[in-house]
Protein chains: 2
Amino acid sequence: MANQASTSTRSSDKILAAATKIAQAHGYGGLNLRALAEEVGIKAASLYHHFPSKADLAAAVAKRYWEDAAAALEAISAKTPDAVACLRKYPATFRAALANDNRMCLASFMTAEYDDLPDVVKTEVLTFVDVNVAWLAKMLVTAEIVGAKDARTRARAIFAAVSGAQLMARGRADIKLFDTLIDTYRAAGLLPA
Amino acid sequence: MANQASTSTRSSDKILAAATKIAQAHGYGGLNLRALAEEVGIKAASLYHHFPSKADLAAAVAKRYWEDAAAALEAISAKTPDAVACLRKYPATFRAALANDNRMCLASFMTAEYDDLPDVVKTEVLTFVDVNVAWLAKMLVTAEIVGAKDARTRARAIFAAVSGAQLMARGRADIKLFDTLIDTYRAAGLLPA
DNA sequence: ACCTGAACACCGTTCAAGT
DNA sequence: ACCTGAACACCGTTCAAGT
């Protein structure tokens with residue numbers, strides 16, 4: 001994971017990074033290849049030398065997105081021994097997207113676009129959800145909040161609720177609303193206080 | 001509300017109905033005027049005789065959407081005296097969208113498209129949220145689940161969570177997942193059991 | 001290998017011309 | 001009044017042709 005980007009992947013990385021930011025604000029349909037190319041400093045046609053199609057580019061974006069999310073979650077649980085403390089930190093990544101120019105989770109936006117999503121992209125988006133749910137389930141069991149049998153279901157409910165909070169807060173461009181919603185989930189008992 | 005559609009609004013109604021279905025599956029960006037026109041049986045250019053622009057058409061769609069939602073919610077609370085029973089029925093409208101070819105809430109989709117939404121549309125989308133939150137808050141107070149001071153906040157949390165559940169279920173085209181998520185919210189204490 | 005101009009099919013929109 | 005073909009400037013995308 002550390003020594004993979006030596007020389008040739010540089011411009012692909014630039015493309016992926018720029019595409020991720022655009023897709024987090026405009027979705028798959030709103031990912032404008034001319035605008036993306038301009039941001040990277042090439043012509044739109046040149047994009048096709050790095051990725052065979054918009055679908056494959058978006059799949060690469062979504063794949064890196066869940067890989068980064070998985071690494072970030074592992075970093076949290078590696079650094080924080082207390083599982084309850086880990087669960088308290090979970091909403092922070094969703095908050096960070098809003099703090100970054102009112103952006104949202106790439107996977108949530110693309111989930112809305114389900115009907116128009118190429119299969120290769122759909123797969124990666126689903127994996128993002130799986131990664132989050134698996135991590136949450138593990139923390140819930142470790143924290144002894146639910147038994148192993150109910151962990152996956154509760155984890156999915158937390159993921160859905162936090163996603164919904166991010167979406168609602170984006171609609172008002174109001175990050176404080178996100179914080180209030182998360183606090184309300186805690187007060188109601190969905191998330192550990 | 002009853003005697004407004006006599007003769008001239010007929011085709012406008014057909015356009016709005018078809019546009020609503022398309023927007024619930026593809027969003028504002030994915031609302032293709034040529035495809036919409038074909039479904040209605042006219043040419044795209046003819047659409048402009050009924051609505052001055054795509055933005056105005058989408059605003060009319062979103063406006064009717066929240067008006068219908070408001071009427072449906074009023075129908076529930078008028079027919080069901082018990083506020084707790086009303087709250088139990090609330091997720092049903094979101095479920096119905098999923099049951100209708102895995103569609104989703106128009107407002108949720110458009111909220112994701114926030115950055116690309118004309119202001120006239122944005123306003124109507126926000127009103128949909130307000131209508132839902134106001135009704136939920138009223139039911140929560142009547143049911144004595146929360147006090148008047150916390151009603152709005154709790155109502156927003158419920159709306160966000162239910163929206164998130166719909167989005168997640170759409171991503172798997174799995175309506176049973178929606179049911180499970182709602183049940184989990186109830187078990188956790190976010191919604192009344 | 002990497003890049004591009006030019007072309008393609010498509011989009012929202014306009015408008016003169018039909019009924 | 002309502003509709004339309006044709007055109008406009010634009011878009012994402014493709015490809016033959018450059019270096």
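Proteins get letters first, then strands, A, B, ... in listed order; numbering begins at 1 in each. Keep in mind the model is a prediction, meaning the values are calculated, not measured.
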Presence of salt bridge, B:D115 and A:R103, under 4.0 angstrom
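Salt bridge flag = no for B:D115 with A:R103.
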Salt bridge check: are B:K63 and B:E67 linked by an N-O gap of less than 4.0 Å?
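Yes.
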Provide, to the nearest angstrom, the distance between the [atom1] atom belonging to [X] and the [atom2] atom belonging to [N].
X     : N      : atom1 : atom2 : answer
A:L31 : D:dT13 : CG    : C1'   : 13 Å
A:I15 : C:dA1  : CD1   : C1'   : 13 Å
B:L47 : D:dC2  : CG    : C1'   : 13 Å
B:F51 : C:dG12 : CZ    : P     : 15 Å
A:K14 : C:dC3  : NZ    : P     : 10 Å

Looking only at heavy atoms, what is the nearest atom pair of A:F128 and A:A107, with distance?
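For A:F128 and A:A107, the tightest heavy-atom pair comes out as CD2-CB, 3.3 Å.
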Side-chain donor-acceptor contacts of residues 180-189 of chain A below 3.5 Å, not counting sequence neighbours, with atom names and distances?
| residue | atom | partner | partner atom | Å |
| --- | --- | --- | --- | --- |
| A:T180 | OG1 | A:K176 | O | 3.0 |
| A:D183 | OD1 | A:R186 | NH1 | 3.4 |
| A:T184 | OG1 | A:T180 | O | 2.7 |
| A:Y185 | OH | A:A161 | O | 2.8 |
| A:Y185 | OH | B:A161 | N | 3.4 |
| A:R186 | NH2 | A:R88 | O | 3.0 |

Within the 4.0 Å heavy-atom criterion, would you say B:L57 contacts the bases, only the backbone, or no part of the nucleic acid?
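Answer is nothing: B:L57 stays at 4.0 Å or more from every strand.
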Is the ring pair B:W135/B:Y90 parallel, tilted or perpendicular, if the boundaries are 30 and 60 degrees?
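B:W135 vs B:Y90 ring planes: parallel.
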With salt bridge (charged side-chain N to carboxylate O under 4.0 Å, His left out) as the rule and sequence neighbours excluded, what pairs involving residues 140-167 of chain A come up?
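Passing the test, one end in residues 140-167 of chain A: no pairs.
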Of the residues in residues 33-44 of chain B, which ones touch DNA chain D at a heavy-atom distance under 4.0 Å?
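Hits under 4.0 Å, by residue number: B:R34, B:I42, B:K43.
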Under 4.0 Å from OP1 or OP2 of [N]: is there any side-chain N or O of [X] that close?
X     : N      : result
B:Y48 : C:dG12 : no
B:S46 : D:dC2  : no
A:H49 : C:dT4  : no

Under a single-linkage rule joining Ile, Leu, Val, Met, Phe, Trp and Tyr whose side-chain heavy atoms are separated by less than 4.5 Å, which residues share a cluster with B:L167?
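Besides B:L167, the cluster holds B:M104, B:F109.
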Could you check which residues of residues 111-123 of chain A get a heavy atom under 4.0 Å from DNA chain C? Sort them by number, please.
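Heavy-atom contacts with DNA chain C come from no residue of residues 111-123 of chain A; none.
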Kindly point out which of D:dT14, C:dT13, D:dC3 is positioned nearest to the side chain of A:A45?
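Of D:dT14, C:dT13, D:dC3, D:dT14 is nearest to the side chain of A:A45.
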Check the pair A:D101, A:R170 against salt bridge (Lys or Arg N to Asp or Glu O under 4.0 Å), reporting the backbone distance first and the verdict last.
CA-CA 10 Å; A:D101 283 325; A:R170 170 168 161 84; over 6 Å; no
Could you grab the distance from atom OG1 of B:T93 to atom CG of B:D68, nearest 0.5 Å is fine?
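B:T93 OG1 to B:D68 CG: 12.0 Å, rounded to 0.5 Å.
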So, A:E113 side chain and B:H26 main chain: donor-acceptor pair closer than 3.5 Å or not?
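Side chain of A:E113 to backbone of B:H26, a donor-acceptor pair under 3.5 Å: no, none is there.
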Would you write out the dot-bracket form of DNA chain C, 5' to 3', with Watson-Crick and G-U pairs under 3.5 Å, [ ] for crossing pairs, | for pairs to other strands and . for unpaired bases?
||.|||||...|||||.||
For atom NZ of A:K89, decide whether the heavy atoms of other residues, nucleotides or ligands shown that lie under 6.0 angstrom number more than 12.
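Result for NZ/A:K89: enclosed.
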